[in-house]
Amino acid sequence: MKRFLIGALAFIGAMSVLFVVGLVALVVLASSSRPSVPSNLVLEMDLSKPLPENSSADSLAGAFGEDPLTVHDVVDALEKAGEDSRVKSLVVRVGTSPGSPATTQELRDAVKAFRAKGKKAIAYTDSFGEEGNATGAYYFASAFDEIYMQPSGSVNVIGLAFETPFARDALAKLGVKPRFDKRYEFKNAVNSYTEQGYTPEHLLATERFAGSLYGQMVRGIAEGRGLKEEEVRALIDRAPLLAPEAVDGKLLNGLLYRDEVYAAQKAAAGEGAELLYVKKYLDRAGRPNTTGDTIALVYGVGTISRGRSDSSPFGEQALGGDSVAAALRKAAQDSQVKAIIFRVDSPGGSYVASDTVRREVQRAREAGKPVIATMGTYAASGGYYFAMDADKIVAQPGTLTGSIGVYTGKFVTDGFWEKLGVNFDTVAFGKNATLDSTDADYTPEQQARVDAELDRIYTDFTTRAASARKMPVEKLQGLAKGRVWTGEDALENGLVDALGGYPKALELAREAAKLPADAKVRVEEYPRKKSPAEVLSSILGETGDNSDDEASATTSVATPWAPLVEATRVVHEVGVRMGVFAPERGALHAPMPQTRW
């Protein structure tokens, strides 16, 4: 029986390898006969779900199929298409918002730049929210020349709301005591566990953040639709709007079905015009910025943890400090690289891992490689920590940034287990051996060590931030205390240097590298995308030649139990998000309330 099982497993393993090798061959064959770009085309994008910031460098799906369309893909495709005479216009079916306010602004900027080159952009939807809030989706659409909706649709542009759950009393009923300490009163990431409503500081920061975002959206819609801001606010307060009301309010250009919108755009493009998805266009036409001096692009995306980066089958990314540090190190060591663009999209995480990345930003600059940080949805707490040492920081007006502070703690669960009739006895050697135990609260000695750790981290964070931003520590500390800011407010407070996205970062990178403003550059991602064969080697457990090679790859599990291991990790991620598991000690995290827009 044992021999049979071993033989069966060996057979399955061999067949799996043959299957993957076959896939590699098919990919190579397919890539040799790629179709070309039509001579007369209308670019098309179906925005049915939010776009990810980027795709993993070691994505199995990307190696053997097609990576998902990313924010940077759209920015690059529209930049390329703006200069391409074959592209006559852009039609986007807006099914949802592209993502966060910052992501939406990144794509609005790309659409406006496309239009500035004489190309027409049309937004179409069957409905701006049949039941849910569609303010974000409409905010995106308002950057287009014209907006059309199916006659049966409605315009649910009802504004912006932040909803934060508070579970202190529920946890108390379960016999669970949230035991968290923070620096300082605006560090609200753990308030969902420790409070039953907004504290004055939490409310102040949230109202200011939400008010800033709301003002940005109102201004954007007013500008895009040729309305006054007060008119936009009045329309939002009346919403949800019926289709005729939205037309009368100048939020829509007309009521048309999909076939009518697409037929009109193909007719306007001329005889023989074809539709082509943005992703297909980019794959066939190639990206812009592929010749000239090299500008490195390094991503820092996801919740920050020690070790190597990782990603789940659902697209969730964990930012491994070692992986991002290695990518920065490789870019800094490359003699061809003139500057580094560091794309940061992280709500924070491990203090130690954040410092690992920050050190490589510092070393890159010491090696004569300017670093320009560009912030996506989040660059908060740990994300701000490793962005702050860059030569320049660029943020979207809607980026959530700052959160200069720290928290740590645990859930004390002895009361919960007592309710279940479970008792834990402990044998420990070392006065603080039970520091992280959930069976008991901190002793006075342990509390002293926790306070010392928090004070050390907060002092380090604020001192480094003040030095990086060239402001007195006292002023920086007034902006810190864990408070989050929009990019718009962060610029006013001196926490960032400019507003914008990838194009602005590239402009500043040219400037920092002392290249002419119109100089051709080659933007190269570090670490580079792996070939199917390299991804296969990684899956089969092969490692790099040294720690630099290994650290720049994402973690992969090469065992027969890989699906079970991955499922367990996903369950843990869900548990962390729901507050079932305690966050790590010394965490640099920004609060993430549920946003409805």
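Worth saying up front: this structure is predicted, and the values here are computed from it rather than measured.
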(message) Quick one, R365 with D391, criterion salt bridge (charged side-chain N to carboxylate O under 4.0 Å, His left out). Give me CA distance, side-chain angles, the key distance, then yes/no.
(response) CA-CA 8 Å; R365 294 182 63 193; D391 291 86; 3.2 Å; yes

(request) Evaluate salt bridge (charged side-chain N to carboxylate O under 4.0 Å, His left out) for D497 paired with R469, printing each intermediate quantity in order. (result) CA-CA 9 Å; D497 299 291; R469 301 309 303 164; 2.8 Å; yes

(request) Start with the C-alpha distance between D322 and R306, add both sets of side-chain angles, then the distance that settles salt bridge (charged side-chain N to carboxylate O under 4.0 Å, His left out), and finish with yes or no. (result) CA-CA 7 Å; D322 289 351; R306 294 164 56 211; over 6 Å; no

(request) Would you sort out whether K280 and D283 count as a salt bridge (charged side-chain N to carboxylate O under 4.0 Å, His left out), showing the intermediate values? (result) CA-CA 5 Å; K280 299 291 185 183; D283 290 343; 5.8 Å; no

(request) Could you give me the CA-CA distance, side-chain angles and deciding distance for K369 and V337, then say whether side-chain contact (heavy atoms from CB on, under 4.5 Å) is met? (result) CA-CA 8 Å; K369 302 294 171 72; V337 171; 4.2 Å; yes

(message) What verdict does the side-chain contact (heavy atoms from CB on, under 4.5 Å) test give for Y351 and F461, after you've listed the backbone C-alpha separation in whole Å, the side-chain angles of each residue and the deciding distance to 0.1 Å?
(response) CA-CA 9 Å; Y351 164 65; F461 200 162; 5.9 Å; no

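For K49, the NZ atom sits in a loose shell: 12 or fewer heavy atoms of surrounding residues, nucleotides or ligands are nearer than 6.0 Å.
Judged by distance alone, with hydrogens and angles left aside, the side-chain atoms of R284 form no donor-acceptor pair with the main-chain N or O of V37 at under 3.5 Å. Judged purely by atom type and a 3.5 angstrom limit, K187 has no side-chain atom pairing as donor or acceptor with the backbone of Y407.
Between D73 and V75, the closest side-chain pair of non-hydrogen atoms is not below 4.5 Å.
Taking CG of D345 as the start and CG of L400 as the end, the distance is 10.5 Å to the nearest 0.5 Å. Atom CG of residue L69 and atom CG of residue L282 lie 8.5 Å apart, to the nearest 0.5 angstrom. In this structure, I340 CD1 and I372 CD1 are separated by 10.0 Å, a value rounded to the nearest 0.5 Å. In this structure, the separation between CZ on R108 and OH on Y139 is 4.5 Å, given to the nearest 0.5 Å. To the nearest 0.5 angstrom, K392 atom NZ is 9.5 Å from K504 atom NZ. We find the CZ-CD distance between R219 and Q216 to be 6.0 Å, quoted to the nearest 0.5 Å.
Taking the six-membered ring for Trp and the full ring otherwise, F162 and F209 have centroids separated by under 6.0 Å. Residues F342 and F386 place their aromatic rings such that the two centres sit under 6.0 Å apart.
What you find for T96 and A137 is that their closest heavy atoms are C-CB, 3.7 Å. Across all non-hydrogen atoms, the minimal contact from A387 to V344 is CB-CG2, 4.2 Å.
At a threshold of 4.0 Å, the pair D389-R464 does not count as salt-bridged, since none of the basic side-chain nitrogens sits closer than that to a carboxylate oxygen.
Both cation-pi conditions hold for R343 and Y502: the charged atom is under 6.0 angstrom from the six-membered ring centre and inside a 45 degree cone around its axis.
In the model, Q362 has a side-chain atom that pairs as donor or acceptor with a side-chain atom of R358 under 3.5 Å.
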